[in-house]
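Scroll down for the structure; my scribbles are underneath it.
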Amino acid sequence: MAGPGNVWEDLRKQARQLENEIDLKLVSFSKLGTSYSSQGHAQDSRRAETSPLLGSTNSEHMFETMALEIEQLLVKLNEVNDKMAEYSQNGGIHTNNPSLMHTLQRHRDILQDYTLEFNKTKTNISAYRDREELLGSVRREIDNYHKGSSVQNRRTDLLLKEQEHTRNADRVADEAINIAMATKENLMGQKGMLGGITTKMNTLAKRFPVINNLFQKINLRKRRDSIILGAVIGVCVILLLLYAFR
């Protein structure tokens with residue numbers, strides 16, 4: 001059977017081993033929190049849409065795994081400290097030794113420091129995770145709003161362009177109608193003027209038969225001249241054809 005001194009030394013050895021493991025785990029856990037905090041501040045400074053350190057599945061699993069391991073080690077170290085305290089109170093050798101009590105208190109202080117450090121780091125990382133999730137949600141809502149606004153703006157632009165085209169078509173149609181009305185009025189005016197001239201000519205011809213006869217002779221001469229000119233042109237054409245086919 002192991003002596004009381006060996007029991008105490010075994011418990012101290014277990015405590016130191018657990019403390020060393022917890023210390024290494026806390027260093028890695030603290031680096032994880034520091035890296036995540038630094039990346040979070042960098043994202044705030046440049047306002048970039050980048051994934052946070054704990055945003056991926058692997059990093060999330062790493063955080064949960066490390067936290068669980070440290071919690072288990074802290075529980076084991078607390079159990080070892082309780083065994084050491086129980087040993088010192090149940091008649092172990094040198095139970096009233098100040099050095100032994102100092103050693104026990106030192107292990108308790110180390111456990112308390114590690115527990116505080118772990119809880120602080122875990123709280124900070126959890127706070128950063130919640131912050132990133134909130135910011136990510138806000139960014140997604142802003143992006144969705146911008147996308148919706150962009151679609152709405154495109155639709156509004158199309159409607160405005162369509163209205164502009166409609167107004168242009170109406171303006172062109174109005175201009176065409178105005179031109180047609182003005183042309184109709186001019187033609188009606190010219191028709192009335194020509195009608196007046198014809199009426200006056202007929203009136204003059206009826207009043208002055210000599211003038212009427214003169215007009216008839218002029219018309220006959222125009223017809224005769226046209227017939228003669230047509231005959232001359234016909235003869236010339238025939239002569240040219242005969243000359244060309246000789």
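Nothing here was measured: the structure is a model prediction, and the numbers come from that model. Side chains included, hydrogens not; waters and symmetry mates left out as well; all remaining heavy atoms used. Start at 1 with the first residue, then count along the sequence.
Closest approach of F29 to T121, counting heavy atoms only: CD2-CG2, 3.5 Å. Considering every non-hydrogen atom in both L111 and N81, the closest pair reads CD2-ND2, 3.4 Å.
Note that CG of L11 is 7.0 Å distant from NZ of K83, once rounded to the nearest 0.5 Å. Here T115 contributes atom OG1 and Q112 contributes atom CD; the two are 7.5 Å apart, rounded to the nearest 0.5 Å. To the nearest 0.5 Å, atom CG of residue D23 and atom OH of residue Y114 are 4.0 Å apart. Note that the CE atom of M84 and the OG1 atom of T103 stand 7.0 Å from one another [nearest 0.5 Å]. In this structure, NZ in K13 is found 12.0 Å from CG in L18, a value given to the nearest 0.5 Å. A distance of 13.5 Å separates NZ in K161 from CG in N168, rounded to the nearest 0.5 Å.
Between the side chain of S226 and the backbone N or O of K222 there is at least one donor-acceptor pair closer than 3.5 Å. With N20 contributing its side chain and R16 its backbone, the two residues share a donor-acceptor pair below 3.5 Å.
The side chain to side chain contact (heavy atoms under 4.5 Å, CB included) test with V235 is passed by exactly one of I233, V237, I238, L239: L239.
Every residue meeting the side chain to side chain donor-acceptor pair (under 3.5 Å) condition with E164, not counting sequence neighbours, appears here in chain and number order: R167.
The closest side-chain heavy-atom distance from L229 to D225 is not below 4.5 Å. Counting only heavy atoms from C-beta outward, the side chains of K76 and V80 never approach each other to under 4.5 Å.
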| request: Take D10 and Q14 through the test side chain to side chain donor-acceptor pair (under 3.5 Å) and record every step on the way to the result. | output: CA-CA 6 Å; D10 289 340; Q14 294 178 20; over 6 Å; no
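Linking ILVMFWY side-chain heavy atoms closer than 4.5 Å, directly or via other members, places I110 and L24 in two distinct hydrophobic clusters.
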Could you pull out all donor-acceptor pairs under 3.5 Å where a side-chain atom in residues 67-75 meets a protein atom, sequence neighbours excluded?
unit_1	atom_1	unit_2	atom_2	d
E69	OE1	K25	NZ	2.7
E71	OE2	K122	NZ	2.8

